[in-house]
Amino acid sequence: MRIYILRRLLEVVPTVLMITLVVFVMMRSVPGDPIVSLLGDAYTEDDAAKLRESYGLDKPILAQYLIWLGKLVQGDWGRSILSGRSVLQDVLVRLPITLELVVLSMAVAIAIAVPAGVIASMRQNTWGDYTAMTVALAGVSIPEFFLGV
C-alpha cells in the first residue's frame, strides 16, 4: 500500500508539469498581442519594447515558460489587468465561496445518488431501477450550463 501511495505521489509531478505546459501554451495561443492590450491608445514602439523586456516576452518561448513556472511556484501569479491587485490575492478572496459551492453541490449529488443507487440495487429490473437509472443518466448527460439555470 505504501509503494502504491508513493508511486501515485510521484505521478503527480509530471501531471502538474503537463497541466502547466498546457495552460502556458493556451495563454500564448490567444490571438493578439498582450502588450497592445496593456498600452491601449498610448502604444509606441519604444514603450512596447520596454514592456516586452520587463515582462520577459523578448526571450525564447522555453525561457518564458521556465520563468513563468518559477514565478508560479513562488506564488507570484502576476497582477490582474482589471483590478490591479495580485492574481493570487484575487483567487484567495474567492476560494472560500468556491469551496462552499463544491461542498454543497457534492452534498446534493450524494443526497440524490445514494438513495437512487439503493433503490436500483434493491429492485433490479423494476420501474424503480429504470427510473433511478434514467434520472442518473439524464443528470450526467444534461450540460451543467443548462441544468444550472
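This is a predicted model, so every value here is computed, not measured.
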If every non-hydrogen atom of [X] is compared with every non-hydrogen atom of [Y], which pair is closest and at what distance?
{"X": "Arg79", "Y": "Val87", "answer": "C-CG2, 3.8 Å"}
{"X": "Leu57", "Y": "Pro34", "answer": "CD1-CG, 4.3 Å"}
{"X": "Ser80", "Y": "Asp90", "answer": "CB-OD2, 3.8 Å"}
{"X": "Ile110", "Y": "Pro115", "answer": "O-CD, 3.9 Å"}
{"X": "Ala120", "Y": "Ala132", "answer": "CB-CB, 4.2 Å"}

| query | Is the shortest heavy-atom distance from the side chain of Gln64 to the side chain of Phe24 under 4.5 Å? | reply |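 Counting from C-beta outward, Gln64 and Phe24 do come under 4.5 Å.
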| Side chains of Val108 and Leu104 in contact at under 4.5 Å (non-hydrogen atoms) |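 A side-chain contact under 4.5 Å is absent here.
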Quick check for you: to the nearest 0.5 Å, what is the distance between [X] atom [atom1] and [Y] atom [atom2]?
{"X": "Lys50", "Y": "Tyr55", "atom1": "NZ", "atom2": "OH", "value": "15.0 Å"}
{"X": "Ile3", "Y": "Leu10", "atom1": "CD1", "atom2": "CG", "value": "11.5 Å"}
{"X": "Thr44", "Y": "Leu39", "atom1": "OG1", "atom2": "CG", "value": "7.0 Å"}
{"X": "Arg7", "Y": "Tyr4", "atom1": "CZ", "atom2": "OH", "value": "7.5 Å"}

| field | Residue Leu95 excluded, over 12 heavy atoms near CG under 6.0 Å | value |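 Yes, because the 6.0 Å sphere around CG of Leu95 holds more than 12 heavy atoms from other groups.
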| task | Look at atom CD of Glu53 and say whether more than 12 heavy atoms of other residues, nucleotides or ligands are closer to it than 6.0 Å. | result |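 For Glu53, atom CD is not crowded (no more than 12 foreign heavy atoms under 6.0 Å).
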Salt bridge check, [Y] against [X]: does any charged N sit closer than 4.0 Å to a carboxylate O?
{"X": "Arg52", "Y": "Asp33", "value": "yes"}
{"X": "Glu11", "Y": "Arg8", "value": "yes"}
{"X": "Asp129", "Y": "Arg123", "value": "no"}

Hydrophobic cluster identity match, [X] and [Y], side-chain contacts under 4.5 Å:
{"X": "Val13", "Y": "Tyr65", "result": "yes"}
{"X": "Met27", "Y": "Leu88", "result": "yes"}
{"X": "Met26", "Y": "Trp68", "result": "no"}
{"X": "Leu82", "Y": "Ile35", "result": "no"}
{"X": "Leu17", "Y": "Ile19", "result": "yes"}

| Test item: Ser141 side-chain N/O and Ala138 main-chain N/O as donor-acceptor pair under 3.5 Å |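 Checked: no pair found.
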| said: So does Leu72 get a backbone contact from the side chain of Trp77, meaning a donor-acceptor N/O pair under 3.5 Å? | reply: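 Yes; judged by distance alone, with no hydrogens or angles, the pair exists.
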| Are Tyr43 and Glu45 linked by a side-chain donor-acceptor pair shorter than 3.5 Å? |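 Result is yes, a qualifying pair exists.
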